[in-house]
Amino acid sequence: MKQKVEDVRSTKVSILIVCYNSLADIGQCIASVTNDIQKYELDAEMLLVDNSNDGTVDFVSKSYPSVKIIENNTNLGFAAGNNLLAKYAKGDYFLLLNPDTKVFDGAISNLLSISQEYPECGAWGGSTYFPDGKREYSSLQVEPTLKSEFVNLLGLSRFFSGRVSLNKTDKLTPVLSGAFMMISREIWSQLDGFDTGYFLYSEEVDLCFRIRKITDSMLLMSDRASVTHFVGKSSSSSERTLLMYKGKMHYCRKHYGISYSFFYGTLLWLYALSRYVAGWMLRLTPSKGSSRNLVEKFRVVVSAPWGWSGGYREAIADSTDCRSGA
């Protein structure tokens, strides 16, 4: 399956960064990317769009003038934000990167090499880690199906990942993390980028599904390219959980239809109920913080399934919580 690797320095890559209230993280992200580009002499450009107004644009324009900033006055969301950046990108490959990440040494050049080793995959991703070194969930996603949600409900998801190991570092996978994911311009153009019917969550799952249909191949995830992902505190909020469930249901309704989605949504609700009940039970133990987080996180999912079971029935233009990546 492996191919001869060309000199990646001759390959143009466009790094797309969609920001939302990212002022605290963006400097570290851009600095790590800049170091990688310079150290490995990559032909690369960085493009940034800001979905908020927290001073990110002013900071980046003054501190990193080489970054191409695309003007924007509205909260486009992750999908539409990347689609906008791609219109201005000149690379042969597009690297989607969260602003709350820091790339490991050699991560970008390694991912380019990987893309040339496995060109049939069409898209390639790396591993994401929390700052404490533990594996972060976004690069361990599975395809949303009845089987995967049933396995998740039983607590057995670690044994049914859907990934196929090729060697010690490389795996074929159905889903890549939008926080650190590379896609060829050719494939991106064929798909016309992200489906902007998704405002937040599952947009990369949908993109990966469509890539697999075009390439007739699983995608490639490698431990040879990694980033640290500084996931924000709002990642455990009830609003973010609600949007996550909406994204999953939107994906399921789009690709599998209403009947399938009814049973899929039932499994989602049962999982949320199990976590909600666990939260109340934990209140009987010293783990007060954990119980409060579980109860608050899943309360709206359990109590109002009609709020998420239809997916994104219409575009959300006024959300106050926009992820900058996966």
Side-chain angles (χ1 to χ4, degrees), residues 8-9 13-52 54-69 78 81-82 85 89 91 93-115 123-141 169 176-183 204 220-236 240 321-326:
V8 298
R9 290 176 297 179
V13 57
S14 297
I15 300 159
L16 313 183
I17 305 175
V18 178
C19 295
Y20 184 86
N21 289 340
S22 305
L23 183 58
D25 300 308
I26 192 61
Q28 179 176 238
C29 175
I30 294 178
S32 68
V33 171
T34 301
N35 289 339
D36 221 44
I37 290 173
Q38 294 177 348
K39 182 175 180 178
Y40 296 94
E41 301 178 349
L42 301 177
D43 185 5
E45 62 175 355
M46 273 186 278
L47 298 90
L48 179 147
V49 65
D50 185 23
N51 281 332
S52 62
D54 68 337
T56 295
V57 168
D58 289 339
F59 170 77
V60 173
S61 61
K62 293 176 182 177
S63 303
Y64 302 96
S66 62
V67 177
K68 184 184 297 184
I69 297 174
F78 179 70
N82 274 296
L85 291 174
Y93 294 87
F94 298 157
L95 175 59
L96 313 183
L97 186 67
N98 263 32
D100 59 346
T101 58
K102 179 180 179 182
V103 301
F104 283 33
D105 180 58
I108 300 174
S109 59
N110 285 349
L111 200 57
L112 280 169
S113 295
I114 292 162
S115 72
W124 312 266
S127 306
T128 61
Y129 294 90
F130 287 113
D132 62 5
K134 294 181 181 178
R135 191 66 178 269
E136 193 257 331
Y137 55 82
S138 69
S139 62
L140 297 173
Q141 297 180 75
T169 60
L176 294 171
S177 168
F180 183 51
M181 169 184 174
M182 183 177 289
I183 179 172
E204 77 265 47
L220 198 288
M221 182 175 68
S222 178
D223 294 333
R224 289 182 280 160
S226 305
V227 300
T228 299
H229 191 185
F230 301 89
V231 182
K233 293 180 180 179
S234 61
S235 61
S236 62
R240 188 173 285 264
D321 183 18
C322 174
R323 184 192 61 175
S324 308

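Along the sequence shown, residues carry numbers from 1.
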[atom1]-[atom2] distance between [X] and [Y], expressed to the nearest 0.5 angstrom:
{"X": "L16", "Y": "F78", "atom1": "CG", "atom2": "CZ", "result": "9.0 Å"}
{"X": "Y40", "Y": "N35", "atom1": "OH", "atom2": "CG", "result": "10.5 Å"}
{"X": "L97", "Y": "N82", "atom1": "CG", "atom2": "CG", "result": "10.0 Å"}
{"X": "T101", "Y": "H229", "atom1": "OG1", "atom2": "NE2", "result": "7.0 Å"}
{"X": "L85", "Y": "I15", "atom1": "CG", "atom2": "CD1", "result": "12.0 Å"}
{"X": "I17", "Y": "D50", "atom1": "CD1", "atom2": "CG", "result": "11.5 Å"}

Please report the closest heavy-atom contact between [X] and [Y], naming both atoms and the distance.
{"X": "G81", "Y": "V18", "value": "C-CG2, 3.7 Å"}
{"X": "L95", "Y": "I108", "value": "CD2-CG1, 4.0 Å"}
{"X": "M181", "Y": "S177", "value": "CB-O, 3.1 Å"}
{"X": "S139", "Y": "G126", "value": "CB-O, 3.7 Å"}
{"X": "F94", "Y": "A89", "value": "CE2-CB, 3.5 Å"}
{"X": "A44", "Y": "I37", "value": "CB-CD1, 3.7 Å"}

Heavy atoms, side chains only, cut-off 4.5 Å: are [X] and [Y] in contact?
{"X": "L48", "Y": "I26", "result": "yes"}
{"X": "M221", "Y": "L176", "result": "yes"}
{"X": "Y64", "Y": "M46", "result": "no"}

So, using side chain to side chain contact (heavy atoms under 4.5 Å, CB included) as the criterion, who are the partners of [X] when residues are at least two apart?
{"X": "S32", "value": "K102, V103"}
{"X": "S226", "value": "F104, S127, Y129"}
{"X": "K62", "value": "none"}

> Per the side-chain contact (heavy atoms from CB on, under 4.5 Å) rule, which among N110, L111, I183 passes with W124?
Replying inline: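 Result for side-chain contact (heavy atoms from CB on, under 4.5 Å) with W124: L111.
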
field: Side-chain H-bond candidate by donor/acceptor type, Y20 with D100, under 3.5 Å
entry: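 Short answer, no.
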
| message | Main chain of V227, side chain of T128: is a donor-acceptor contact present, judged purely on distance under 3.5 Å? | response |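 Checking the backbone N and O of V227 against the side chain of T128, no donor-acceptor pair under 3.5 Å is found.
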
Fill in: D36 (side chain) donor-acceptor with D105 (main chain) under 3.5 angstrom
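Answer holds: no.
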
